[in-house]
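First the structure, in the form of structure tokens, and then the observations on it.
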There are 2 protein chains.
Amino acid sequence: MPPPRTRNRRATINDVATAAGLSRGTVSRVVNGERYVSDEARIAVEEAIASVGYVRNSAARNLVTQESRAIALIIHEPHSLLFEDPNIGSILLGANEVLSRADYQLVSLIIDSDRDSRRVADYLRGGLVDGAVIVSARASDPIASAVRDIGVPAAFVGHPPGTPDLPYVAIDNSAAARSITERLVATGRRRIGMIASAMDRDSGHDRFAGFREAMGSRFDPSLVVEYPLYTYAAGLQGMQELLRRCPEIDGVFAASDAVAAGAMTALQESGRKVPDDVGIVGFDDSSWALRTRPQLSTVRQPADLLGSTAAELVLAQIRGLPSAVQVLDTAVVWRDSA
Amino acid sequence: MPPPRTRNRRATINDVATAAGLSRGTVSRVVNGERYVSDEARIAVEEAIASVGYVRNSAARNLVTQESRAIALIIHEPHSLLFEDPNIGSILLGANEVLSRADYQLVSLIIDSDRDSRRVADYLRGGLVDGAVIVSARASDPIASAVRDIGVPAAFVGHPPGTPDLPYVAIDNSAAARSITERLVATGRRRIGMIASAMDRDSGHDRFAGFREAMGSRFDPSLVVEYPLYTYAAGLQGMQELLRRCPEIDGVFAASDAVAAGAMTALQESGRKVPDDVGIVGFDDSSWALRTRPQLSTVRQPADLLGSTAAELVLAQIRGLPSAVQVLDTAVVWRDSA
DNA sequence: TTGTAAGCGTTATCAA
DNA sequence: TTGATAACGCTTACAA
């Protein structure tokens with residue numbers, strides 16, 4: 001029998017108490033699975049709950065317990081890029097996994113306008129969540145400082161410049177970029193360029209820095225193009241531009257796998273063979289890397305771990321435990337594109 | 001000057017009232033921007049708010065107003081597919097746009113396990129949101145019936161079989177599939193197959209049905225392969241299988257653009273030219289369609305409109321307005337892959 | 001225009 | 001083991 005659809009008024013704990021012939025306190029204890037409830041009381045309450053169709057009002061509960069058992073995940077991603085980047089899905093799933101296990105509800109809030117930004121800040125401020133993990137913040141992101149001011153336990157995925165000193169989890173983009181660039185150099189390429197992206201994010205900025213370091217005196221600024229987003233389109237255009245500037249180019253570091261995939265298309269359209277004529281490497285080891293022909297040499301980044309670790313960082317703060325910055329390992333995975 | 005970080009106790013409306021030398025009621029009126037507040041009172045309250053660092057407690061407010069001004073967007077997507085499908089990002093953004101304009105906070109809840117499913121149901125039941133839009137429900141999805149039982153205003157994107165009779169917004173997958181298949185037939189192909197996917201969703205099921213209808217007596221079941229998810233990998237494997245079964249195949253309808261992209265790779269690896277040797281069409285007109293070479297002929301589906309319309313459906317119910325099922329238009333966009 | 005006071009539906013303390 | 005009762009922080013008649 002479906003619960004009586006009292007669309008007029010929802011049953012309260014009082015209604016249950018009356019129906020069961022017991023007090024509110026006892027009903028509350030049953031609902032929360034506490035000890036010190038006799039079997040007969042428990043049964044009576046359970047029957048009453050079923051008969052009046054009671055469900056607990058979370059607002060009232062949160063008000064008295066002063067917690068919500070929910071954690072926000074704030075996604076501030078440029079419109080066009082949202083979910084084109086497979087990393088963010090993995091981060092989300094990773095965070096959800098650890099929060100779910102700890103019996104917290106993950107609520108994702110997306111910021112797509114200044115208006116959203118304000119509303120999300122209000123949402124956090126209102127005490128509707130006990131903590132927040134922030135992904136894809138850009139340099140000097142207003143939501144980042146808002147979170148700090150609000151004082152809610154929080155952690156970043158990545159650590160953009162200009163970000164308040166909150167705990168974060170990241171990878172060493174610079175070191176990873178250096179490694180893969182060095183590997184590319186070692187294949188004997190002479191003219192190596194880079195398609196840089198998202199320089200206003202720590203990831204984009206640091207990948208470029210790593211490339212530059214690895215190139216040392218061979219670094220040639222005219223062989224670097226820069227685009228705002230990690231997209232296939234950026235790779236396509238970037239490679240075309242590089243080819244225009246220097247037809248003899250024989251190596252390319254693309255700032256992400258999606259960018260590398262676009263670049264590879266441009267290379268093939270220009271009649272060049274990968275890796276024979278030009279070697280190309282990406283970054284992320286996302287699903288893109290296995291889609292290209294040949295498959296991409298790239299840097300593996302543990303996106304799900306990024307998400308789960310960030311979630312753990314905020315959980316630790318909630319529990320009053322110390323939470324330190326975490327830098328996760330990456331690995332170069334060498335396939336056939338270089 | 002940053003607000004005093006009273007980590008000990010948050011200021012309440014009472015503290016503001018005391019500081020301003022006014023009553024709680026007046027403070028509340030100022031906070032909510034109501035009329036009938038003298039300028040001097042308003043100013044005094046605003047100063048007091050700043051000095052004590054007051055922010056309103058949403059749980060308390062929601063408790064008395066009996067609303068949350070938040071709408072849930074429930075994503076029940078198989079782990080691996082989450083956000084590989086660009087449609088879902090567009091749906092999310094579309095919904096966020098209309099809700100944001102109406103000053104509602106969109107909170108996305110993802111379901112990735114049975115445990116999640118129960119927790120999300122509790123979240124909805126608890127009154128933490130005023131409505132819900134459900135995307136990517138599968139046939140007989142438990143969360144779908146939970147939502148119906150809970151009685152919260154809701155709308156589906158799509159209308160899987162076995163779904164309770166709640167308002168939904170969808171496209172006519174079957175008619176669209178028929179159109180593009182007919183167009184493919186008209187190019188003179190003789191042996192046309194299909195790579196079907198997600199048959200447990202209305203979209204997957206109906207696209208296949210449309211294909212079958214359009215093929216009429218030419219329909220050949222041995223030229224159909226079926227995979228659970230709309231993925232690149234499904235397209236890759238599906239096309240290989242089709243080629244094995246029938247090397248002379250000269251036309252393919254892939255159930256989504258991602259699938260088509262995978263199929264195109266398989267075709268090219270087998271040495272076949274698209275569209276000369278085999279014509280291929282997809283579905284969605286997502287970013288995938290412009291990435292393949294040649295670019296994909298496909299069905300344009302207004303993913304953002306799907307999201308915004310679903311949000312409007314929910315809003316209408318909250319406002320007590322009638323809300324009817326909506327079927328959105330699609331269009332065949334013909335490029336070079338067939 | 002402002003103040004008073006009664007809830008909103010829980011949980012939690014303290015007696016019984 | 002159970003029952004009163006006092007919060008939790010806010011909104012909202014109703015009075016003044």
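Every value quoted in this text rests on a predicted model; they were computed, and no experiment measured them.
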Just call it for [X]: base, sugar-phosphate, or nothing, with non-hydrogen atoms closer than 4.0 Å on any strand.
{"X": "A:Arg29", "result": "base"}
{"X": "B:Ala41", "result": "sugar-phosphate"}
{"X": "B:Ser28", "result": "base"}
{"X": "A:Val27", "result": "nothing"}
{"X": "B:Asn32", "result": "sugar-phosphate"}

Is it true that atom CG of B:Asp103 has more than 12 heavy atoms of other residues, nucleotides or ligands lying nearer than 6.0 Å? yes
Of the listed nucleotides (C:dG9, D:dG9, C:dT11), which one gets closest to any side-chain atom of B:Ala60? D:dG9
Minimum-distance nucleotide (side-chain atoms of B:Leu22 versus C:dT2, C:dA5, C:dT10): C:dT2
N/O (side chain, [X]) to phosphate O (OP1/OP2, [N]) under 4.0 Å:
{"X": "B:Asn14", "N": "D:dG9", "result": "no"}
{"X": "B:Thr26", "N": "C:dG3", "result": "yes"}
{"X": "B:Ser58", "N": "D:dC10", "result": "no"}

Pair A:Arg125-B:Asn57, side-chain donor/acceptor within less than 3.5 Å: no
Can you list the residues that meet the ring-ring contact (aromatic ring centres under 6.0 Å, His included) rule with B:Tyr104, with sequence neighbours excluded? none
